[in-house]
Every structure is written in C-alpha cells, then in structure tokens.
Trainee: 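Structure below; questions to follow.
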Amino acid sequence: MTHIWVRSESRAHEERVGLTPRGAAKLIAAGHKVTVEESTQRILPIAEYAASGCGIAPEFSWVDAPADAIIFGLKELPEDGTPLYHRHIMFGHAYKGQPSGKILLDRFRAGGGTLYDLEYLTDEEGRRVAAFGYWAGYAGAAVSLMCWLAQRNGQVAAPVKAYPSANHLLMELQQALVTLGTDRPTALIIGALGRVGTGAADLCQAMGVATTKWDMAETASGGPFPQVLTHDIFLNCILARPGTPVFVPASAKTAGRTLSVIGDIACDPDSDFSPVKVYDRTTTWDAPALRVHDHPVLDVTAIDNLPSMLPTESSEDFAEQLLPHLMALSAINDGVWGRAHVWFERAAT
C-alpha cells in the first residue's frame, strides 16, 4: 500500500495544496493510504480531509513519518540543513544551478532520500503533466498591473494578498482602474501560447489592457528585442532553460523606453539562463515590486508563489491535473515518476 503524506506548507502566504479532499477520497478508494497534516493556513479545511477518510497528523510532523511514506508538498522545506530520508514530491527548484537548490540536493545526498520534482513530471514527449501555470500567469499579470497603477500615483506597489476568488481580484483591479478614466497600459507577453501566457493574457483582456502576444516564432531570432521596451508592461512567461534568449538586458535600465514594469512570472533570477538581466532576487508579498531604476522608473515584480493569491482555483486546478499520476504512485519507478527520478539522479550525482 502506497502511503501519501500531505505536509503542511511552512512558507508564509502559502495556502495552496496539491490534493483536495475529493481527490484524497479517490486515492483511498483505490487502495492508497493518505495522511494529511493539520495546517494553520491551508485554504481547504482539515475537517473535509478527515471526512474523506484521511489520517490526520500534527502540523510539520512529516519528519517523523514512517520511512516508506511519500511526503507531498508544494514549496520549499524549512532550511534547517537536516538530512532528508524520505521520498519527497515538491517543487525543488534545484536543477538549474540555484544556490538554494544545491543545498537541498546536499540534504538528500546526506539522508539518502529522493526528490520527485513536480516541475519535471513529464509525459513521454517531455510535456509537464501538472502545473499551476495558468493561475501564475493570471496573478502575475494582476500584480504587474498593480505595480503600474502605483507608479501612476507616484508610488511603489503596496503589499499583495490572497483573494477568495478571481472575481474578487478583478473587482479590486477594476475599481482602481476606474480612477484613471480611459488610461490603460500596453503589455507584451512572451510565452503567450503556453499556460502561463494564456492566464496573463486573460487577465489583461479582462482589464482592457492592449496586449501584444509573442511565442516561439517571434523570439526565434535570439534577439535583441527592442519591442519589449516600447510597451508599458513586459510579462515574461518563459521558463529559464539553456538557450533561452535574453529579453531584457541590463542596459535596459538606462535605455530610452516606455517600459516601466517587468512581470517576471517565470521568476528564476538565480538561474544562469534567466532572460531578464535587470534584477537578481525575487520579490515578496510584502514588497512585490523591486525598483531597479529611478529615472525613468523601472520596477520588477517576481513573486515565486503567485498562484497562492488565488488559492482555491489554483489548488483545485492543479490537483485535478495531478491526481491520475498520484494514482500511479504504486509504480513509482515507471512513467512520469520514473522520468522525474532520472532528473534527480542526474542532478544529485
């Protein structure tokens, strides 16, 4: 019997979860054992998991879980340096040379555990089988628009928050835009045909933002891309990988430009392959905009858990995509899990 242990997230503002009570009930009916930790911030109540037949464990007790349990979370583990003995399903951000990723891999080496990175769960053609991309794009475009609105008022963007639903977010943005009359920014999206770009484009359309949509065909030349500087907002929806062109060079800070907000939704500034070269660190919920130049103003927003601004929709969407593959965990050496293990072995050796 496969034992799936859903841990509580330790990161502030992280209300998402990768398994819903409805999905847990299906796993249990299929013969899996499911334990869910209590959580002070998870959007879905623990009582619904208990009613679905899950075992309930104290918050952050996964460290003492049975050795055969597969620990399932989303974001990073507490950075306490302890060896990791279990098999973990999570977003590790460890395979692109990130400093924190190297530390994480060292912990797995020390404990003999295994990372099944959610970003590297792929089908036979290399396509990801589950992603938060749409809601990352949607929320990232919203935060970028908030940054632009703050600039119009001579300010830097205020802290962001989670919303009960996407409609609540849209209503708040619309109320802020109404004060500007008909003034709206222009935006350029790179990666517009993917899930992230589609979410960003949908938010822009809902807010009346004139949007230029680029994808692989428009960036095949490898750059430079001066058109990025002619829009008010640039939304990067392309994951940093070897061969990714530079969309915003460091020289953009002082170049003549209309561009005043960069929403780096892919958000990988630590990577050597980052296509946005004007900043070097992620931004936060409390300080969503990083001002990288004053005259003319240029703000970067790069929050790495954007979908948690819309935790209900994003959790339900992601969990539905992932559930068929959780069902297959009894054959963890095969299929998407086997391919993810190859990535881990390659990175950890």
Trainee: Search all heavy atoms of E15 against all heavy atoms of P311 and return the closest pair with its distance.
Mentor: OE1-CG, 3.6 Å
Trainee: Can you tell me if E14 and S308 form a side-chain donor-acceptor pair at under 3.5 Å?
Mentor: yes
Trainee: In this structure, would I262 and L235 fall into the same cluster of hydrophobic residues linked by side-chain contacts under 4.5 Å?
Mentor: no
Trainee: List the residues meeting ring-ring contact (aromatic ring centres under 6.0 Å, His included) with W343, not counting sequence neighbours, and say none if there are none.
Mentor: Y120
Trainee: Does E172 come within less than 4.0 Å of K161, counting only side-chain N to carboxylate O?
Mentor: yes
Trainee: Would you say V17 and M309 are hydrophobically clustered, going by side-chain heavy atoms of ILVMFWY under 4.5 Å?
Mentor: no
Trainee: Hydrophobic cluster membership, with links at side-chain heavy-atom distances under 4.5 Å among I/L/V/M/F/W/Y: are V209 and L188 in one?
Mentor: no
Trainee: Calculate, to the nearest 0.5 Å, the distance between atoms OG and CZ belonging to S274 and F247 respectively.
Mentor: 10.0 Å
Trainee: Would you tabulate the side-chain donor-acceptor contacts of residues 83-95 under 3.5 Å, counting partners in other chains and residues two or more places apart, or write 'none'?
Mentor:
unit_1, atom_1, unit_2, atom_2, d
H86, NE2, A65, O, 3.0
H86, NE2, P66, O, 3.2
R87, NH2, D68, O, 2.8

Trainee: Look at R16 together with D317 and state whether they make a salt bridge at an N to O cut-off of under 4.0 Å.
Mentor: no
Trainee: With side-chain contact (heavy atoms from CB on, under 4.5 Å) as the test, pick out the partner of P275 among V246, N236, D268.
Mentor: N236
Trainee: Over all heavy atoms of both residues, which pair between A201 and K213 is shortest? Give the atoms and the distance, please.
Mentor: CB-CE, 3.9 Å
Trainee: Examine I28 and L322 and state if one hydrophobic cluster contains both, with Ile, Leu, Val, Met, Phe, Trp and Tyr joined whenever side-chain heavy atoms are less than 4.5 Å apart.
Mentor: yes
Trainee: Tell me which pairs pass ring pair (Phe, Tyr, Trp, His ring centres under 6.0 Å) where either residue lies in residues 267-291, with sequence neighbours left out.
Mentor: H13-W285
Trainee: In plain terms, say whether E9 and R11 are close enough for a salt bridge, that is, a side-chain N and a carboxylate O under 4.0 Å apart.
Mentor: no
